2 protein chains.
Amino acid sequence: MRLTSKGRYAVMALVDLAKFDNINPVSLRDISLRQGISLDYLEQIFSKLRKKEIVQSVRGIQGGYVLNKKAKEIKLTNIFDAVDEKIKTVQCKKESKKGCNGKPIKCVTHNLWDELENHITNFFDGKSLEDLVKDNNERRF
Amino acid sequence: MRLTSKGRYAVMALVDLAKFDNINPVSLRDISLRQGISLDYLEQIFSKLRKKEIVQSVRGIQGGYVLNKKAKEIKLTNIFDAVDEKIKTVQCKKESKKGCNGKPIKCVTHNLWDELENHITNFFDGKSLEDLVKDNNERRF
DNA sequence: TTCAAACTTGACTATTTTAGTCGGGTTTAT
DNA sequence: ATAAACCCGACTAAAATAGTCAAGTTTGAA
């Protein structure tokens, strides 16, 4: 099991943004340099974040991105959802509601994955961008 | 994020085994047919489960596999561990202890993934094979 | 004692996903 | 006007996954 880099980068970039967007919009170029994430890839990620209204863009010179909500109101679930990071953990969850593994009934472990997804979703729902920024400042990074 | 089929199959197969190993060893052929998992793939999986002493093999005709411990004592963490299903969720967790993303310091989200891993591990530690079998019998599958 | 069911092992491969790259735009402050 | 910055879609190399395949070994039963 693993998360993809897309979700991880999205969170990294938003923490960075939350720390620096006090006055001016933050350019992806700056985030790219500070966080070591490819600029082109960041653009893809921010395109999604913008469509889900997590950030706003400011075009033109001196432009960049700003948060569209308070950091406290942005939960990690919102972020992962925006960049299509699926919490759907296993193949059988993707298939039709009734069956798994090409069979007409649910597989013996189906309920387990339901529970697991809830468990993980709860974890991410309990974490806001603000929490991460605070945690980060405390550690003097 | 997703679990791989290997982990999922391992759990499915062991639930099946736990249900049927009362008297005789259970052949992989039977598990393959009941659960719809490729026999060759099951062999790879059970090879790992045997090495980690979760199951015992009985060779020869009428052979198969039996659980090596009571179902109650087999936690899901043991199973995932045996088949190399990693709870390591993100890239930065694979890298050197001190740095992420090729930098000499931990990335801003590093602690988050630590917490997440603990959260998931706790979930799997709290689930035994017996729990799954019971849950399954209740639902009359 | 021969046979076949079943386990054992290791190498190989097609498919899918990921993590980007690339090339061309458009917008707007200066 | 120009350059910084956003915007968009197509493309691709690498890695991981989910198997397949081939060639065994072991052993209960006929």
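Reckoned from all heavy atoms, side chains included, excluding hydrogens, waters and symmetry mates. These figures come from a predicted structure and were not determined experimentally. Order of the sequence lines fixes the chain letters, A, B, ..., with proteins taken first and strands second; residue numbering starts at 1 for each chain.
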Nearest whole Å is fine: how far is D:dC6 P from A:K48 NZ? 18 Å

For residues 46-67 of chain A, which residue pairs pass the ring-ring contact (aromatic ring centres under 6.0 Å, His included) check, not counting sequence neighbours? A:F46-A:Y65

OP1 or OP2 of D:dG19 sitting under 4.0 Å from any side-chain N/O of B:Y9? yes

Can you tell me how far the CG atom of B:L17 sits from the CG atom of B:L67, to the nearest 0.5 Å? 4.5 Å

In terms of relative ring orientation, are A:W113 and B:F124 parallel, tilted or perpendicular, with 30° and 60° separating the classes? perpendicular

Taking for A:Y41 and for A:Q62 the nucleotide of DNA chain C with the nearest heavy atom, the one nearer the 5' end belongs to A:Y41

CG-CG distance between B:L129 and B:L76, expressed to the nearest 0.5 angstrom: 7.5 Å

From CD1 of B:I37 across to C1' of D:dT17 the rounded distance in Å is 15 Å

Taking CZ from B:R8 and C1' from D:dG19, how many angstroms apart are they, rounded to a whole number? 14 Å

Nearest whole Å is fine: how far is D:dC8 P from A:L42 CG? 16 Å

Below 30° counts as parallel, above 60° as perpendicular, anything between as tilted: where do the rings of A:Y41 and A:Y9 land? perpendicular

Distance in angstrom units between B:N24 CG and D:dG28 C1', rounded: 13 Å

Could you tell me whether the phosphate oxygens of D:dA18, OP1 or OP2, come under 4.0 Å of any side-chain nitrogen or oxygen in B:S5? yes

If the sugar-phosphate is the primed atoms plus P, OP1 and OP2 and the base is the rest, what is the B/S/- string for nucleotides 7-15 of chain C, using protein heavy atoms under 4.0 Å? BBB-B----

Nearest whole angstrom, please: distance from the C1' of D:dC7 to the CD of A:Q56. 16 Å

Atom CE in A:M12, atom CD1 in A:I31: separation rounded to 0.5 Å? 11.0 Å

